[in-house]
Amino acid sequence: MKTNILFLSLLIAGNSFAQSFNFVVGDRRSSSPIEDPETETFENNGNKYILYQAYSMKDGMQVQLQGYKPNNDYLCSKKLYVPEEKMLISIYEGFLNLENNMQLIKSTFNKEAKKTFVYAHAINEFADESDDHKELLSIPAEKAMNSGNFTCATSPNRKFSVILSELPFVKETKEKILITVFDQTLKTIFSKEYEFPYEAKRGPVNKPVIADDGSVYIIKKVPISKMPDIISVFSISNNGESFKENTVKLDDPKKYESYHFTLNSTNELVLAGFYTEDGKVTFGGTKQKGTFYLHVNSAGDLITYQVSAFEKHYTDLKIRQVLCNGTEWSAMITEVYLKRNNSTVGAGNQLVYSTDINEGDAVIFVLNQKGENIRTQSFKKSQHSADDGGLYGSVFGAFVKDKLVIVYNDFQYNQDGKKYVVVPPALVNIKIPVIQVINKSGYIENTYPMIGSSVGGMTNETNLLPLTGYKLSDTALFFVGYKDDDCMPIILNIK
């Protein structure tokens with residue numbers, strides 16, 4: 001593996017955090033990524049993978065898996081296709097990253113059997129799909145257009161997975177779901193039907209989350225007639241016996257605007273987001289007036305609920321991550337984000353779809369143990385791109401020991417400590433990775449502009465994609481880099 005190393009060492013007496021960073025860049029390989037993807041980075045059997053997923057009107061659902069070996073050598077980059085059943089259409093439902101195995105999940109409606117079946121196809125370390133499948137579950141269904149919806153998730157330790165089955169819509173009844181939990185070998189631990197205390201609606205929005213102990217949380221968007229939607233969290237114990245609800249309660253005129261979630265070190269769910277007081281979205285964007293914070297356990301106990309108002313509202317913030325450092329403090333990693341979908345008429349009068357993305361400052365909200373927003377830090381950045389999912393212009397955060405490390409790209413002339421009347425032409429478009437270190441009180445301890453490294457900058461051998469970030473350990477973060485049509489692994493070592 002080719003190695004390019006930048007050492008930046010500033011050891012400050014009395015500071016417990018090791019303030020030394022260096023990049024290690026792996027070999028370049030040709031890559032043909034899908035357009036405008038969402039990404040998920042994970043480890044499996046020592047290998048590092050990035051799952052790219054995107055849906056377009058032209059190409060439908062596209063899935064690509066890119067992998068690197070434990071020593072960061074190239075492993076694979078392949079598009080995954082949903083294997084069809086004989087004379088039946090199959091639909092991609094998700095991807096499971098389990099202990100030492102990966103599975104592509106699909107559903108197939110069978111008119112003759114009057115059922116929808118959910119199958120798993122094994123994916124090997126080289127991203128090869130198995131034609132053989134394993135049946136995981138089935139639900140009764142009369143019609144293809146009303147044959148259920150399915151969502152899956154894997155626990156962080158990769159020992160458990162869950163499939164949430166939304167049962168076919170029936171008028172004037174309560175909404176029902178089937179929760180099926182599996183171990184790492186896809187053996188069923190329990191499968192149980194639950195009824196929500198809400199009327200069934202077409203196209204429900206339910207997000208399953210599964211913890212390291214096999215307990216399940218469901219984050220539900222609840223539509224209320226002639227009222228703003230609300231968010232509820234349902235906790236299910238790891239034996240399936242307990243099913244309890246906690247709601248994000250906001251006094252009028254407050255209503256939730258957006259949210260994200262994480263699991264803490266004790267398998268409890270933390271849900272954090274923004275609320276607004278706007279009656280509707282207005283010109284200039286919805287005003288984000290404050291944060292809410294909901295912390296529950298698998299028994300359905302409400303541990304913490306907090307609402308914190310901003311002194312001055314924000315607009316257009318997109319939550320990229322919610323992070324917990326054990327149970328002591330949390331952070332919301334956000335950025336200014338605007339996305340516009342376009343369509344034009346191309347050759348042969350065919351519609352051509354594209355996206356324009358504008359990403360602005362990174363805004364970090366530091367929350368204490370009570371969920372109170374105690375401090376906010378903003379970091380200057382800007383990027384305009386098209387059809388790339390915002391991978392380069394975004395921001396990534398990770399807790400490293402007792403500090404929060406933030407990584408993003410910014411113009412070098414903003415970071416080199418020089419004052420310019422006019423920015424030199426040679427620097428106008430030059431960007432570098434920037435690392436910020438934030439402590440528990442929300443203060444910036446150090447800023448590291450990575451000038452002179454082989455990542456970004458004047459040498460520009462590769463460009464770091466923050467949205468592909470993944471914490472390997474307290475001493476290493478993983479990213480994917482790109483240059484022209486090539487990709488490569490980047491390790492940020494922390495010493």
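Because the structure is a prediction, the values reported are computed rather than measured.
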### Whether F310 and Y314 hold their rings parallel, tilted or perpendicular, with breakpoints at 30° and 60°
perpendicular

### Task
Sort out for me which residue in K201, K255, K221 forms a salt bridge (charged side-chain N to carboxylate O under 4.0 Å, His left out) with D229.
K221

### Query
When the ring centroid of Y470 is compared with that of F42, is the distance short of 6.0 Å?
no

### Query
Are V216 and F234 close enough that some pair of their side-chain heavy atoms sits under 4.5 Å apart?
no

### Message
If you apply the rule side chain to side chain donor-acceptor pair (under 3.5 Å), what do you find for S161 with T154, and how did you get there?
### Response
CA-CA 4 Å; S161 62; T154 312; 5.8 Å; no

### Query
Does K115 have any salt bridge (charged side-chain N to carboxylate O under 4.0 Å, His left out) partners at least two apart in sequence or in another chain, and if so, which?
none

### Query
So, do F95 and Y49 have ring centers that fall under 6.0 Å from each other?
no

### Task
Kindly indicate whether the side chain of F150, heavy atoms from C-beta on, has any atom under 4.5 Å from the side chain of I91.
no

### Message
Can you confirm whether N409 sits close enough to P466 that some side-chain heavy atom of one is under 4.5 Å from a side-chain heavy atom of the other?
### Response
yes

#### Entry: side chain to side chain donor-acceptor pair (under 3.5 Å) partner of K339, the single match among D316, N358, T355, D36
D36

#### Entry: Approximate separation, where rounding is to 0.5 Å, of T344 OG1 and Q350 CD
11.5 Å

### Query
Is the charged tip of K220 near the ring of F196: under 6.0 Å from the six-membered ring centre and within 45° of its axis?
yes

### Residues in salt bridge (charged side-chain N to carboxylate O under 4.0 Å, His left out) contact with E40, at least two apart in sequence or another chain
none

### Message
Tell me whether the NZ or CZ atom of R320 lies within the 45° cone about the ring axis of Y337 and under 6.0 Å from its centre.
### Response
yes

## Note on the structure
Nearest heavy-atom approach of S215 to D213 is OG-OD1, 2.6 Å

### Query
Does Y293 reach the side chain of F365, with side-chain heavy atoms less than 4.5 Å apart?
no

### Message
Less than 4.5 Å apart, side chain to side chain, heavy atoms only: is that true for Q62 and E35?
### Response
no

#### Entry: Neighbour count >12 (heavy atoms, 6.0 Å) for atom NZ, K176
no

### Closest contact, heavy atoms only, L263 versus A211
CD1-CA, 3.7 Å

#### Entry: Side chain to side chain, Q184 and N100, heavy atoms closer than 4.5 Å
no

### Task
Enter the distance from E268:CD to T327:OG1 here, rounded to the nearest 0.5 Å.
8.0 Å

### Task
For V162 and P208, work out which heavy atoms get closest and say how close.
CG1-CB, 4.1 Å

### Message
If you compare all heavy atoms of S130 against all heavy atoms of H121, which two are closest, and at what distance to 0.1 Å?
### Response
O-ND1, 2.8 Å

### Message
Within the 4.5 Å heavy-atom criterion, are Y198 and S232 side-chain neighbours or not?
### Response
yes

### Summary
Scanning both residues in full, the closest heavy-atom pair of N110 with E112 reads OD1-N, 3.0 Å

### Query
Is there a side-chain contact between Y217 and L271 (heavy atoms, below 4.5 Å)?
no

### Task
Specify whether Y68 and Y74 have parallel, tilted or perpendicular ring planes, treating 30° as the upper limit for parallel and 60° as the lower limit for perpendicular.
perpendicular

### Task
Check L186 against L96 and note the closest heavy-atom contact, atom names and distance.
CD2-CD1, 4.2 Å

